[in-house]
Each structure stands twice: as structure tokens, then as C-alpha cells.
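Before any comments, here is the structure.
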Amino acid sequence: LQLLQGMSQMTTKRWVNKPEGSNWGRFGDDDQRGKMNLLTPERRVAAAREVKEGVAFTLSLPLDYPGGNAIFAHRKAPVLQYEKRGGAAYNFNFKLSHICAEYCDIVCDDAVLLYLQYSTQWDGLSHVGQMFDADGDGVPEKVYYNGWRGGVDLVGPEDAKEGFGAHKLGVENFATAGVQGRGVLVDLNRIYGRRKAFVGYDDLMRALDAQKVGVEAGDFLCLYTGYGDLIMEMNKQPDVDVLHHSCAALDGRDTRLLQWITDTDLVAICSDSLAVEVFPPRPAEGDSFPMLPLHNHCLFKQGVHLGELWYFTELAQWLAAHDRWRFQLTAPPLRLPGAVGSPATPVAVV
Ligand code: UVW
């Protein structure tokens, strides 16, 4: 019987090797939600207890910011589009009635070409993977969180002629996790201003100690760096050189920081900065290393979602004025099957 059970386990698992520091299998061999599994009813109740005044803050940029595509050539500003309705007229300011006498209703519809990671966004677990020998044949393959495979479970235009998308680890799995919990804001802007800084474990602990707040299992760690203010001030004409040399971000090469992320069981890290971590990272030893070490640790190994280009300014001011750092956070991604990222318009309630 033991042998049979062992065999059936081997057939459901997609990996025989798992990356060092990963938690693959912790939430089941077929898990696609990662640490969002830790958003239990108890944690949602704890988050709701942070609502004392009922004041709400929108934590997204307008989704046409940062503006242009100088930051990432491959991510373009949203373009609204319009369709014709029936004959020649566009379905915009369109008269619904054929005879418009006393009453005539008019209607508008639109569509959008939206790069899902252009502005305030979530990175899904399918956003970053790694070449890794998961099947133990000595040859690395394209692998994502929990062993899901590039080219098989995540299919792109170079893998097939049709049927593209993240058939596993798509953001719809994240959306249906009910993304609401307790946010903890760390005000890095207060410490570093607009100076570029690599924030490692010691720095983050000092910031948390100064605010007399901790991060617990199930929390969303939110980092206010001031980068969002810079983006807003640049008024859709981003100065890439200034952005590149400004504000604090996490040091993805700090192994103690990565271990702390693992150990706290936080469910997500959200920042107003471009990539949560400093990019490019500090140089690493050897000739093979992740260019996005924090993404690698969070998305690929631990199933921790990352929120980027959020907007925390007014929330940070309110929290500082009230000497509070926790709030209820509601931040679902789009329930868009097969997408690897999603725009977000998160809301904090204090
Ligand atoms: C990259 O492609 C650099 O990803 P992200 O926007 O998540 O930093």
C-alpha cells in the first residue's frame, strides 16, 4: 500500500527537485495561490478591527501614469477604443431610441488596450520564474512557483500557435482568494527622503522599531518610499534618470531580508516604487544569478505576491498624524483568466 501511495504521489507532483528556500508543496501540489492561502477568516476579522474611523484612501495612481513608455519600452499607456453599434454610428453618445421625441436615452461603451503592468499593479505568481531542473534530469527547464512549467502550463507565442496564457498561476486564482486583509505601512520616505537607498533586513527592522509596529502572518507589507509622489509630479513625462537614482527600495540580495519574508508569513509586499526591490540589484558573485532576486524569492519560491507602483502618500500622512500604521486593505486584481499581472485600485480603510 505504501508503495502504491508513493507512486500516486510521484504522478501528481511536477517536480522532484525544489529550489532551495522554496515552500513548494506547502499549500498542496496543485496550489496556485501561494501565501494568499494564509488569508483566513481570522485574519480578515483582525483586518476589519483596524477600521476605527471609516476613512478611505485610494492606493492607486491614475492608470495612465507614469505616462509614455520611457520607463519600460514594452509597456505602453492605455488606449481607449470605441466600437460602432450596428450601422455607421459609434456606440458613444449613441441614441438608443429611433424616435427621439420627449424622451431619448443615450449610451456610451468603450474598450481599452491595457498593458496589465503599466501602472499600479499586482505581479501574479506567473510573472517571474526561473530556469531550474525541477524534474531531476540534469537539464534546467522553465519553471514557475510550485513547479508549473513554461511552455506547458504557461504558453506564449513562441511555445504554440494558439491557446496562449497562464493556464496555471493566472491572476484569476489570486482574485478568487478574496484579496482583503491587514496592511502594515512602513514609511521609508520619512527616513530616506528621495535619496536612493538599498533597504536590507537591518534597515527594515529599524524602520519597524521606530514605528513600534510589527508584521505578522497574513499581513500585507506596504512600503511608502515617495517614488509615487515623484511619478505624480512628473505629470506623465517621467524623467527616467531621476527616477532611476531616487528613493528607497528593498535590497533583494540581502539573504536575511529574504529569510525574514519567508519566516513572517506575510502574504504580499506592495510598494509605490517601480519594482519593490532595487533594480538593477547589487552585483552578485558567480555568473548565474537572478536579476530580480526579490521577485525570484517572493514569486517563484514563496508564492508571495508583489504590488508595484502603488500610491500611499495621503494614507502615509494620515497614519503618521494618528501614530497608527495598520489598516484594512482591499486590493483584488482583475479576475482575468490567464493573465500574469493585473492593474489594481486598492483601498485602505482606517
Ligand atoms: C520586470 O519585468 C522588471 O518586472 P517588474 O515590473 O515586476 O519589476
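Residue indices begin at 1 and follow the sequence shown. Each ligand, and each atom within it, is numbered from 1 in the order the structure gives.
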| request: Answer yes or no: does atom CD1 of I99 have more than 12 heavy-atom neighbours from other residues, nucleotides or ligands under 6.0 Å? | output: no
| task | Compile the protein residues with any heavy atom at a distance under 4.0 Å from an atom of ligand 1; present them by chain, then by number. | result | F72, R75, D123, H127, A275, L292, H295, E308
| query | Hey, which of K13, K168, R14 is the one that makes side chain to side chain donor-acceptor pair (under 3.5 Å) with D30? | reply | R14
| said: Quick check on the 6.0 Å ring-centre criterion: do W15 and W148 meet it? | reply: no
| Side chain proximity check, Q259 to T255, heavy atoms < 4.5 angstrom | no
| query | Do side-chain atoms of N146 reach the backbone of G28 as a donor and acceptor pair under 3.5 angstrom? | reply | yes
| task | Can you sort out the partners of D31 under side chain to side chain donor-acceptor pair (under 3.5 Å), two or more places apart, ordered by chain and number? | result | N37, Y145
